[in-house]
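Everything on this sheet refers to the single structure shown next.
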Amino acid sequence: MITVLYFAWVRERIGLPREDVETSAVTVADLVAELSAREDRYAVAFSDIAALRVAVDQSLTTFDAPLAGVREVAFFPPMTGG
Amino acid sequence: MITVLYFAWVRERIGLPREDVETSAVTVADLVAELSAREDRYAVAFSDIAALRVAVDQSLTTFDAPLAGVREVAFFPPMTGG
Amino acid sequence: MPVVVQQAAFDPGQVVSDFMATASGVGAIVTFCGVVRGDAGLTAMDIEHYPGMTERAIAAMIEKATRRWNLTGAHVIHRYGRLEVGEPIMMVATASTHRAAAFEAAEFLMDYLKSRAPFWKKETGSDGESWVAAKDDDEAALNRW
Amino acid sequence: MPVVVQQAAFDPGQVVSDFMATASGVGAIVTFCGVVRGDAGLTAMDIEHYPGMTERAIAAMIEKATRRWNLTGAHVIHRYGRLEVGEPIMMVATASTHRAAAFEAAEFLMDYLKSRAPFWKKETGSDGESWVAAKDDDEAALNRW
């Protein structure tokens, strides 16, 4: 089981900040495909992957990152700190 | 009459911080020559002009600057502020 | 504690005083403070962040900067939640024996905080709310490091 | 009053607080503070300056920086007289709507203060007193502006 977190407008479009997901997805991209297939709000949030960033276990990574042993995946738009 | 000021090691070598000088020197370089001819301590202080800086009426300038109408000339080593 | 992520307001003068007390004997201290700007009708800003990852990401940036510029101290404080116009958002402080290192490290930390620390700003203005878009300039700024 | 040249000690945190109070509504504030370093056996520093010219020279630098980077505020405080190890020597603060401008202007002011403001430092250490020599690096730093 993986905890999936959503931030900023990704959170708003999906309608929740986090959820636990039972998945056998091998990569982040697989997980995105699984979630998008669920409901329109996911499909909309994930429609433009280039506009999103992903962190796996709290480290920035790419969508081809493997999920083996991973506990936490987070999706969000480009960061605007500072 | 021109007020001549000395700072840092120039002041220490000449042995005074300021003096009023009656001069008909046309440029700063002429004034330096006049002062150097006075006494050894001046000659020593002005021996290496490249190691000195000059300000005329409180603005940095060069040794060929004219002295017409000038009230204040200051000699000092390169500045070390900040 | 070089990383502080908090909802409460902070006093930049106090941050400087506290930082300098820990960085004694050091030659050069640079600080940056970002403040909510009131232009373009903006009335408030909401900052969301990713608790846990935020602290880790900033700590990693500080470690990198400390090694690269041989810093004797570095500190980052960043707020989240609702901020009003004029309130300090965040602050970076760096200490080094030389001014060039302190300046560069502070700019490095700012550039990374802008684009690599998990914060998201939402502005409230005369025409409602909107998420702040990341700027190409900010992304490009990372290329110099 | 953007230029302060004084013998008395100052509190960097207070300088930051006062500057920020005047720079309200501005996005980016950068400060630099130089402190007497205790390395190489140094025990004290004496700073001589040229009263009158010092204030004029710094005011001219601030005016130049304000125009070039469109600053909304700039402040320089610099001490003279005897300073002990660990004491703040001087401080620069700049305010702008954008961080790059605030950083650049602060570095510009520092580079000019180092080599073009009439201050001279004399160090007292284990082997007596000596005037600090101007560094080629500091002179070269002016070329980037």
Side-chain angles (χ1 to χ4, degrees), chain A residues 1-21 27-29 31-32 35 40-82, chain C residues 3 5 31-37 45-61 76-80 83 88-92 106-123 128-142:
Chain A
M1 201 186 61
I2 292 175
T3 301
V4 183
L5 296 95
Y6 311 108
F7 292 98
W9 58 253
V10 182
R11 172 181 55 72
E12 290 179 340
R13 284 187 200 171
I14 291 176
L16 76 176
R18 64 189 295 154
E19 60 184 320
D20 290 336
V21 175
T27 67
V28 171
L31 176 62
V32 168
L35 291 168
D40 261 10
R41 58 194 170 107
Y42 289 97
V44 168
F46 289 117
S47 61
D48 181 11
I49 282 298
L52 293 183
R53 300 291 178 267
V54 61
V56 162
D57 284 341
Q58 304 193 356
S59 288
L60 284 171
T61 186
T62 50
F63 283 80
D64 57 1
L67 292 183
V70 162
R71 287 173 305 174
E72 196 170 298
V73 175
F75 297 102
F76 41 78
M79 293 151 277
T80 54
Chain C
V3 183
V5 181
T31 72
F32 177 93
C33 183
V35 172
V36 182
R37 277 193 279 155
M45 179 177 276
D46 285 277
I47 301 177
E48 186 170 334
H49 82 116
Y50 184 172
M53 178 173 165
T54 310
E55 292 81 355
R56 285 176 56 158
I58 298 174
M61 290 168 201
V76 171
I77 180 166
H78 203 302
R79 292 183 64 193
Y80 61 89
L83 280 76
I89 303 168
M90 50 76 61
M91 203 155 178
V92 159
E107 290 182 74
F108 168 90
L109 287 171
M110 280 310 304
D111 286 348
Y112 270 83
L113 280 167
K114 279 272 168 193
S115 307
R116 293 291 182 274
F119 291 101
W120 299 275
K121 293 190 185 122
K122 187 186 232 177
E123 293 179 344
E129 294 184 341
S130 62
W131 290 100
V132 174
K135 293 193 193 72
D136 290 343
D137 279 1
D138 286 334
E139 191 63 32
L142 296 179

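Lettering of chains follows the sequences in order, A, B, ..., and the numbering in each one begins at 1. FYI, side chains are in, hydrogens and waters are out, and symmetry mates aren't considered; it's all heavy atoms of this structure.
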Checklist outcome for this item: Residues at least two apart in sequence or cross-chain that pass side chain to side chain contact (heavy atoms under 4.5 Å, CB included) with Ala117(C), listed by chain then number, are Ile58(C), Met61(C), Leu113(C), Phe119(C)
Next on the checklist: Quick test of your reading: applying ring-ring contact (aromatic ring centres under 6.0 Å, His included), list the pairs with at least one residue in residues 40-70 of chain A, sequence neighbours left out, ordered by first then second residue.
Outcome noted: Phe46(A)-Phe75(A)
Give each N or O donor-acceptor pair spanning chain A and chain C at a distance under 3.5 Å, with atom names and distance to 0.1 Å, or state none.
{"from": "Ala8(A)", "atom 1": "N", "to": "Glu48(C)", "atom 2": "OE1", "distance (Å)": "3.4"}
{"from": "Ala8(A)", "atom 1": "N", "to": "Glu48(C)", "atom 2": "OE2", "distance (Å)": "2.9"}
{"from": "Arg11(A)", "atom 1": "NE", "to": "Glu48(C)", "atom 2": "OE1", "distance (Å)": "3.3"}
{"from": "Arg11(A)", "atom 1": "NE", "to": "Glu48(C)", "atom 2": "OE2", "distance (Å)": "2.9"}
{"from": "Arg11(A)", "atom 1": "NH2", "to": "Glu48(C)", "atom 2": "OE1", "distance (Å)": "2.6"}
{"from": "Glu12(A)", "atom 1": "OE1", "to": "Trp131(C)", "atom 2": "NE1", "distance (Å)": "2.8"}
{"from": "Glu12(A)", "atom 1": "OE2", "to": "Lys122(C)", "atom 2": "NZ", "distance (Å)": "2.4"}
{"from": "Gln58(A)", "atom 1": "OE1", "to": "Met53(C)", "atom 2": "N", "distance (Å)": "3.1"}
{"from": "Glu72(A)", "atom 1": "OE2", "to": "Tyr50(C)", "atom 2": "OH", "distance (Å)": "2.5"}
{"from": "Pro77(A)", "atom 1": "O", "to": "Trp120(C)", "atom 2": "NE1", "distance (Å)": "2.9"}
{"from": "Thr80(A)", "atom 1": "N", "to": "Phe119(C)", "atom 2": "O", "distance (Å)": "2.8"}
{"from": "Thr80(A)", "atom 1": "O", "to": "Lys121(C)", "atom 2": "NZ", "distance (Å)": "3.4"}
{"from": "Thr80(A)", "atom 1": "OG1", "to": "Lys121(C)", "atom 2": "N", "distance (Å)": "2.9"}
{"from": "Gly81(A)", "atom 1": "N", "to": "Lys114(C)", "atom 2": "O", "distance (Å)": "3.1"}
{"from": "Gly81(A)", "atom 1": "O", "to": "Lys121(C)", "atom 2": "NZ", "distance (Å)": "3.2"}
{"from": "Gly82(A)", "atom 1": "N", "to": "His78(C)", "atom 2": "NE2", "distance (Å)": "3.0"}
{"from": "Gly82(A)", "atom 1": "O", "to": "Lys121(C)", "atom 2": "NZ", "distance (Å)": "2.7"}

Item to check | When Ala74(A), Pro78(A), Pro77(A), Ala8(A) are compared by non-hydrogen pairs under 4.5 Å with chain C, the top option | outcome: Ala8(A)
Checklist entry - Considering only heavy atoms, which portion of Ala133(C) lies under 4.5 Å from any heavy atom of chain A: side chain, backbone, both, or neither? => result backbone
Item to check | Region of Met90(C) in contact with chain A, defined by heavy-atom distances below 4.5 Å | outcome: side chain
